[in-house]
Every structure is written in C-alpha cells, then in structure tokens.
Amino acid sequence: MNLLDDEKLKNILRQVEKPARYVGGEYNQVIKDKNQVDVRFAFCFPDTYEIGMSNLGVKILYGIINEMPGVWCERVFAPWGDMAEQMRREHIPIWALESGDPLEEFDIIAFSLGYEMAYTTVLDVLDLGGIPLHAADRPGLDHLVMAGGACCCNIEPMADFLDLCFLGEGEDMDREVIELYREAKREGWSKEQFLREASHIGGIYVPSLYDITYHEDGTVASITAKDGAPAKVRKRIVEDFENSYYPTRPIVPSTEIVHDRVSLEVFRGCIRGCRFCQAGQINRPVRSRSAEKLLALGRETLENTGYQELNLSSLSTSDYRELSALCDGLLDYCRPRGISLSLPSLRADNFSMDIMQRVQQVRKGGLTFAPEAGTQRLRDVINKNVTEDDLLESCRVAFSGGWNGVKLYFMLGLPTETDEDVLGIAELAQKVFWVWKKNAVNRSRGVRITVSTSEFIPKPHTPFQWEAQVSRDEYLRRVGLLSNALKQTRSITYNWHDAEMSLIEAALARGDRKMGRVIEEVWRTGGRLESWSEYFSLERWLTAFQTCGMDIDFYATRERPVDELMPWEHMDNGVTRRHLERERAAAYAGKLSPDCRKACMGCGAASLLKEGVCRG
C-alpha cells in the first residue's frame, strides 16, 4: 500500500513546508522486491528528516541491514507540526520513505535514541503509525519495537514502551536480532519466547525481564533479572574498527539537511577523561582506522555522492595519531576538485596551525574551542586538561595566521563552581580579545569572539552522575553575572542555552521507570519534537509531573549519595562504578587524571577487548 500514490497525501504535500522531507526517491536509496523480503525493518528517527539524515549512525545501520538478503530496511522520520496535523486530520498513517508503505506493515520498528528530549516523539511516531504505545499491548511478533543509541545507557524512562534495546554499537547486534526474529517467525515462537532468547545476545536489554522495586523515599531498592536474563547487560563494541562497515554509498538527500557532507569516522571512543562527558565514558575504549583505510573510504564516498565537503568525525579529532598524513592524503584528492575538508572537535592543547592552514585552503571557516570552565581550578575539577596558556597560544597562532573569529564553549553550574569561576569566563574571553589585538595580521577586519554557555547536566555513567543540577533561577543568575561582565567588549558576543530544557533533560537522563508516566502524559497533552524550541513547553512538563504525583527536583536537582542504587545499575558500559567513584573523589580534591595514552587509570573499558589492552 504505497501511500505516496494517495491523492489526499499529494494535496497535503502541496501545502506543507519542505515536502521533499516526505517523498523519498533520493539517490542511493535502497529499493527491494517485497516478494523477496521476509523481514521488513523500519528504521525510525524521532526527529525531522534534516536531523536524521545528518546522523552517521543511521547511515551505517541502514547500509548494514540492507546488505542482509531478504531484509529490507527503510527510513521513517517524524513529520514537522504542519504535516503531523494534516496527517491526523485526514487519517493518513506515517509511512516509510522507500516504499511509501504505512508503519503497521513492518515487522520491526527500531528507533535511534541519541537525545532524551526525543522520547515524546517516539510515542508520537508509534501513534501516527497505529502501533500500540505500550509493549504489554503488543502481544505478538508483528510489531516489535526496539531502540538503540546513547540513551540506552539509561533507557528506564522508556522501558514500558520498548520490547528490547541495544546497549553499545549495533553493527553486529542488529543482524543477530534480525536472524533470531527470522527463526522465531519460522518456528512460531511466542513474543515472550523470542524476548527470552534475545536477552542472551550480548548487549541486548529486555526491560520486561527485570523487576524494579522502590524504597518509600522513591529511590530504587532492587533490580532483579528473571527468566534467565543476565543480572547485568554488558555493552557490545566493534573491536575490529579498521575493517568495520562504513557506508561508502550513502543516500544523498534531495533537500538541504543540517550536515550536508561526507562524514568520515576516524576513530571511536576518547582518550580524555572529562568527568562531565557521557560520550567520552560510554564510548570507550578507543579504536581507530588507519590513514590508508580512511583515504580509500573518503575518496570512494565522495565519488559515489558528489559531495563538496568532507568532515573528519570523532569525539576529539586532533587526538588522531595519523592526522597529518590523513589530511595530506585527502587534500591531494580534494584540492583539485574544490572539495573542502573540515576538522571539528579540536582541542586547544594540541591545536596544529600547520594542519588548519592546509585543510582550509579551499574554504577558511571559523575555529571552535571548548575550555568548558573559566578558571584553571575548575578545569582541573572537571579534568579538562587544558590550560589558559594552551588556549591563548592556539588563538595567537590562529589570529597571526589570518583567522579573525573564534567560538568558545563553556558550561555553567559545574560541581564546585563559584562566582569567581563564572567571572573567569569573561576574563578569559577578554584575554582572547587582547591576543587578537596584539597578533592579528589584518585588524581592519575586526574580530568575532563568541562565548556560549550551556547548563551542566549530570549524566549516567559519568563521575558526576551523583551531582545535583543547579536550579533554573541559580543558572540564570550566573548567566546574568557573566552577561554583565562581557558587556565591556563589543567584539564579544554571548549566547546561552535555555535553562528550562536543560532541567527536563536532566530529569529524563537520570530517570527511572516511573518517568514513563510523565513522558506519556506530556505526549497526550500535545508534547512532540520537544528538542525544538518551537514545540518545547516547560509548563506542560511541570504539569505532567504534578499530574503523575512526581517531583522533578527529585530527579534533576537532588544530589545523590554514592551508595544509592541507580536506575541504570544493571547497564554495564565497561567503565566500572569504582572508577567513577575514584574520579569523583579526584574532582573534589582538584586532582587531574592523565589521558589514556599517558597512563592507564584502570577504568575497566579494556575488558571489552579480547586482548584486554587498549591501544588507542
């Protein structure tokens, strides 16, 4: 049933914003004969087309699954508000872009969850597809609902809605689950039997196979596995990253997306140990691709897509050992063809002007650094391992090399932060300005220094998972303090992230299963696409918490004792609780921990490797 042939839908597409989001037909999309397919897999991204199509993980899994004979993976994206309203009015269900078939015709419905604010949109997509929201209301194998992504390190707030989850990197797990599903369909298994068997696949978490009890004060009392499920679910990684799948023939969007370029993943994980950073903790250990391999992948992908920009992707690109050789090799290909090469995720302590001068010969962009804190004391607390001298020297080199703009990212509300630390941000930005005045090769062009702050959010599986988030009023007080201090220099622009959304993100990030009631209430009262300011409503969330008899501060702004049983205690990401406790103690002592290449801190992630040794 191809809904794209429906006349009502064709009329709607003439009226909505960016109709190209909804029609598919892009270059390199995968089309299969449905008569040769026995498993239909709907890969759902709970955000707009522009965001989902910029996600490298989506491209990787789309390619891997479609390499399986008899399996067809298709894409589903959340519609923008105008389209969703029309679909409900005209009773048109959500569909997949490749076939135009409605979601209810798919066997497996899998969501990519990289951001907690997408939770209400998951419910909206299911509802638009006519799929029951609760796992308990989907008794058979017809519509299995799954999820993967960073949020699965604490997926408890969504436990009532999902049949199973993928902890870690999904390249192998997805195929194993699909093959098990095939077996279940052939042999007529019940859903319960399938889920029990799936729980034995490494990295697979089945929420219904765990009983949760609570103390009278609302904290988790126990997490008990049943029916043979493992007491702890251990994440899966791709150990041989050098030879792992990379999509050299990705779909080329037919409309503009956020990151419209080739994204070349140079390594996974991070050698740094920033104590606030969830990505740096849950993606350990580091695994790299060789420059030779990356050169081949980059050239092939550019030839297969026609893109005019290539981006080197990782958590900290300047930490890649073979960066100079890789850039030189790529430039030999890119420069004659007018293709630009960009390097995000740069660090001030190993910034290389030589590399930046070379890679930006095609198009010179701005520079971005993330000191995160305004004083050395606080940078030591968070283990940033970047000094003021590092930053100022990097800016000096950049300004003397012709750059006249720099963006600086910081957080407010970090553990132990004082007003002196807040004002230190303004002082540091002012010092950057004076470095420009002293070293700029063309001062007549002026300078653009942008300071941006976001609110610290305590995240699971980090040394700061026990910390309290500062209140909204306190965050805004610190914003005001910094804003007044930065007004002294017109060349410095100050932007800050909304505190209201950060409060909800903190509550969801550290939430338990009871949070599912709040998510559903928010959705039922109109919540969807909550990561967009156009749709986010703090009042709707606060009302939902009140309606459900729950206290948002219990989850967001409460400091938790170290011996409290966390809702995610049964999720094993490799980094041990003991290591997180040690790092938290080091933070309060103001002690730095070295990066992984200088000394192993025994975080535990090496145990995920067969050799038991990190070589990042």
Side-chain angles (χ1 to χ4, degrees), residues 20-34 36-78 94-101 103 105-114 118 122 125 129 144-150 152 165-166 168-179 181-182 236 238 241 244-255 257-265 268 297 300-302 304-307 311 313:
R21 291 166 163 163
Y22 311 110
V23 297
E26 307 101 322
Y27 184 64
N28 286 341
Q29 73 170 8
V30 176
I31 301 296
K32 294 192 176 185
D33 181 353
K34 283 190 280 189
Q36 302 298 316
V37 169
D38 60 356
V39 175
R40 300 196 67 185
F41 190 104
F43 198 164
C44 304
F45 196 88
D47 209 318
T48 62
Y49 178 93
E50 297 96 308
I51 302 297
M53 285 299 294
S54 300
N55 187 287
L56 179 59
V58 169
K59 299 173 185 177
I60 290 172
L61 295 178
Y62 179 86
I64 281 177
I65 296 170
N66 275 318
E67 282 191 344
M68 299 178 68
V71 180
W72 190 8
C73 176
E74 303 183 53
R75 297 160 297 141
V76 177
F77 299 100
I94 198 167
W95 63 91
L97 295 188
E98 279 75 7
S99 65
D101 290 343
L103 192 62
E105 294 190 13
F106 287 78
D107 302 297
I108 296 173
I109 301 165
F111 289 89
S112 175
L113 290 177
V122 171
V125 169
L144 285 173
V145 179
M146 308 174 181
C152 287
C165 308
F166 300 85
E169 298 163 2
E171 283 95 325
D172 297 323
M173 284 188 288
D174 277 57
R175 287 180 286 207
E176 291 170 21
V177 167
I178 291 170
E179 290 298 347
Y181 179 79
R182 276 176 152 161
R236 289 276 290 279
V238 175
F241 187 58
S244 64
Y245 177 88
Y246 175 81
T248 56
R249 193 176 291 275
I251 295 171
V252 179
S254 50
T255 187
I257 63 175
V258 175
H259 299 304
D260 211 2
R261 61 200 181 197
V262 171
S263 186
L264 194 59
E265 189 179 20
R268 288 185 185 171
L297 294 175
E300 184 179 352
T301 309
L302 288 167
N304 288 336
T305 59
Y307 274 118
N311 167 72
S313 170

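Side-chain atoms of Glu300 and Tyr246 form no donor-acceptor pair, as typed in the model, at a separation below 3.5 Å.
Under the 4.5 Å side-chain criterion, counting only non-hydrogen atoms from C-beta, Ile251 is in contact with Glu98. Side-chain contact between Ile109 and Val76 is absent, with no heavy atoms from C-beta onward closer than 4.5 Å. You'll find the side chain of Met173 stays beyond 4.5 Å of the side chain of Met146, heavy atoms only. Within the 4.5 Å cutoff, side-chain heavy atoms of Tyr22 are placed close to those of Trp95. At a threshold of 4.5 Å between non-hydrogen side-chain atoms, the residues Phe111 and Val145 count as touching. When side chains are defined from C-beta on, Leu264 does not count as touching Thr301, because their heavy atoms never get closer than 4.5 Å.
Here the options are His259, Arg261, Glu265, the test is side chain to side chain contact (heavy atoms under 4.5 Å, CB included), and the partner is Asn311; only Arg261 passes.
If you take OG on Ser254 and CD on Gln29, they are separated by 9.0 Å, rounding to the nearest 0.5 Å. Phe45 contributes atom CZ, which lies 11.0 Å from atom CE of Met53 (distance to the nearest 0.5 angstrom). Considering CG of Asp101 and CZ of Arg40, their distance stands at 4.5 Å, rounded to 0.5 Å. Summarising the geometry, atom CZ belonging to Arg21 is positioned 11.5 Å from atom CZ belonging to Phe77; distances are rounded to the nearest 0.5 Å. Interatomic distance, Ser263 OG to Tyr307 OH, rounded to the nearest 0.5 Å: 10.5 Å. With values rounded to the nearest 0.5 angstrom, Glu179 atom CD is found 4.0 Å from Met68 atom CE.
No donor-acceptor pair under 3.5 Å is formed between the side chain of Lys32 and the backbone N or O of Gly70. Listed for the Glu169 side chain is a donor-acceptor partner under 3.5 Å among the backbone atoms of Val238. Of the possible polar contacts, none joining the Trp72 side chain to the Gln36 backbone as a donor-acceptor pair under 3.5 Å is found.
Residue Ala96 comes nearest to Phe106 through the heavy atom pair CB-CZ, 3.5 Å, listed as atom of the first residue, atom of the second, then distance. Between Val39 and Ile178, the shortest heavy-atom contact is CG1-CG2, 4.3 Å. Taking both residues in full, the closest heavy atoms of Asn28 and Asn304 are given as ND2-O, 3.2 Å, listed atom of the first, atom of the second, then distance. Taking all atoms of both residues into account, the shortest heavy-atom contact from Ile60 to Tyr245 is O-CE2, 3.4 Å. Nearest heavy atoms, Ile257 versus Pro253: CD1-CG, 3.6 Å. Of all the heavy atoms in Tyr62 and Cys73, the pair that sits closest is CE1-O, 3.3 Å.
The residues Arg268 and Glu171 are annotated as salt-bridged, a charged nitrogen and a carboxylate oxygen being separated by less than 4.0 angstrom.
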Q: Would you sort out whether Leu61 and Ser112 count as a side chain to side chain contact (heavy atoms under 4.5 Å, CB included), showing the intermediate values?
A: CA-CA 10 Å; Leu61 295 178; Ser112 175; over 6 Å; no

Q | Verdict with reasoning, Val71 to Arg175, per side chain to side chain contact (heavy atoms under 4.5 Å, CB included) | A | CA-CA 10 Å; Val71 180; Arg175 287 180 286 207; over 6 Å; no

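Cation-pi geometry between Arg75 and Phe43 is not satisfied (NZ or CZ under 6.0 Å from the ring centre, within 45° of the ring normal).
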